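Below is one structure, written out as structure tokens; comments come after it.
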Amino acid sequence: MTSDPSDARTLAADIRWLDVLTGAERDRAWKSLRFARADAGAFVCRQGERIAGWVGVLEGLVRVASTDESGCTTTITGVLAGGWFGEGTVLKREPCRYHAQALCRCRLAILPAEGFDALLASSLRFNRFVMDQLNERLSQFIGAREWERLRRPDLRVACQLTQLHNAVLNPRAGTLVKLRQQELADLAGLSRQCVNRSLAQLQERGLVRVQYGGVQVLDAAALAREVEAGHG
DNA sequence: TCATTAAATTGTT
DNA sequence: AACAATTTAATGA
């Protein structure tokens with residue numbers, strides 16, 4: 001992960017939570033923000049180490065996963081551009097229980113713990129934002145347990161798509177989830193060919209629409225139902 | 001702006 | 001894993 005302050009002025013608009021702050025709070029938050037790049041495969045945070053701060057993905061895709069004693073890695077969630085992670089670890093000042101790895105070249109924003117705490121202390125609306133974020137994360141972590149039980153590859157793909165779709169906070173259907181099939185394969189723990197076939201199946205059933213550089217989620221509710229049925 | 005070329009991504013075996 | 005087909009991005013007139 002390389003530091004790249006030159007990106008600093010490029011996009012304040014891409015950080016959604018800045019909008020919930022007052023002018024003074026926003027200025028202070030902006031000053032404490034740091035920017036970085038991560039190449040494909042680079043670790044944004046390693047399991048057991050301390051996290052640099054609250055991490056936002058401005059561009060690209062980061063996989064949050066845990067590795068158990070036997071060396072088996074489980075994907076917890078993928079974080080697309082616009083998403084933030086690590087709030088739980090920053091709050092508790094604990095070493096990271098999971099690792100975060102860039103799946104492609106990424107641009108990141110980092111709000112160090114001091115800046116994060118300052119906002120929590122001063123802004124009610126920021127607290128609300130973080131609470132919603134934590135709540136979302138909680139359900140994903142619970143889902144990660146069931147994840148391992150999913151055997152059908154198309155359901156694994158459907159599950160990842162559902163989470164990514166939710167993570168970007170898209171209430172409306174027909175939203176494009178921008179990621180390569182290779183990246184989806186990395187998230188789902190499948191080969192690219194397998195993901196390709198699974199996507200074709202899902203498209204056949206009218207649940208998604210496959211296109212170059214992304215997948216349109218046409219019926220998020222139906223996708224979620226399929227995954228749920230797969231658990232049962 | 002448009003045509004050509006290179007690079008990236010996808011579909012298939 | 002390899003290959004062909006398709007799509008995007010880059011280049012230069």
Side-chain angles (χ1 to χ4, degrees), chain A residues 1-15 35-44 55-65 67 71-83 85 99-109 147-148 150-170 172-220 222-224 226-227 230:
Chain A
M1 190 164 57
T2 57
S3 181
D4 192 351
S6 66
D7 287 335
R9 36 195 134 86
T10 52
L11 12 68
D14 288 350
I15 301 177
F35 297 88
R37 279 183 186 279
D39 285 323
F43 283 93
V44 176
V55 182
V57 180
L58 300 179
E59 192 181 302
L61 171 66
V62 171
R63 177 179 62 191
V64 178
T67 302
C72 181
T73 296
T74 306
T75 295
I76 293 156
T77 186
V79 184
L80 280 169
F85 65 90
H99 60 258
Q101 186 178 26
L103 290 184
C104 60
R105 199 171 168 71
C106 291
R107 288 193 308 115
L108 306 167
W147 158 256
E148 289 161 355
L150 284 176
R151 287 289 161 258
R152 271 171 57 192
D154 60 322
L155 290 184
R156 288 195 154 211
V157 171
C159 183
Q160 290 299 332
L161 281 176
T162 300
Q163 288 202 348
L164 289 170
H165 187 261
N166 287 341
V168 192
L169 289 174
N170 287 321
R172 63 181 190 282
T175 307
L176 178 66
V177 179
K178 277 204 284 184
L179 85 175
R180 337 253 180 269
Q181 294 183 4
Q182 178 62 62
E183 292 161 356
L184 196 47
D186 289 337
L187 277 179
L190 302 166
S191 70
R192 186 178 68 78
Q193 296 96 307
C194 190
V195 166
N196 185 261
R197 281 195 301 275
S198 298
L199 283 174
Q201 284 181 37
L202 294 173
Q203 179 168 245
E204 196 65 33
R205 283 181 257 163
L207 301 177
V208 302
R209 197 170 125 84
V210 182
Q211 58 181 242
Y212 192 93
V215 179
Q216 288 268 0
V217 176
L218 298 178
D219 194 340
L223 268 184
E226 290 246 346
V227 173

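Throughout, protein chains are lettered first and strands after them, A, B, ... in sequence-line order, and every chain is numbered starting at 1. A quick note: this is a predicted structure, and the numbers were derived from the prediction, not measured.
Along DNA chain B, the stretch of nucleotides lying under 4.0 Å from any heavy atom of chain A spans, 5' to 3', B/dA8 to B/dT13.
Taking A/R209 as the reference, nothing meets the side chain to side chain donor-acceptor pair (under 3.5 Å) condition, with sequence neighbours excluded. Checked against side chain to side chain contact (heavy atoms under 4.5 Å, CB included), A/V215 has the following partners two or more places apart in sequence or in another chain: A/L161, A/L199, A/V208. Residues forming a side chain to side chain donor-acceptor pair (under 3.5 Å) with A/T77 (at least two apart in sequence, or on another chain): A/Q140. With sequence neighbours excluded, the residues forming a side chain to side chain contact (heavy atoms under 4.5 Å, CB included) with A/A224 are A/T162, listed by chain and number. Qualifying salt bridge (charged side-chain N to carboxylate O under 4.0 Å, His left out) partners for A/R63, counting only residues two or more places apart in sequence or in other chains: none. With sequence neighbours excluded, no residue satisfies side chain to side chain donor-acceptor pair (under 3.5 Å) with A/Q203. In this structure A/D154 satisfies the side chain to side chain donor-acceptor pair (under 3.5 Å) test together with A/R152, A/R205, sequence neighbours excluded.
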Next item on the list: Any chance you could list the contact pattern along nucleotides 4-10 of chain C? Use B for base contacts, S for sugar-phosphate-only contacts and - for none, protein heavy atoms under 4.0 Å, 5' to 3'.
Entry: ---BS--
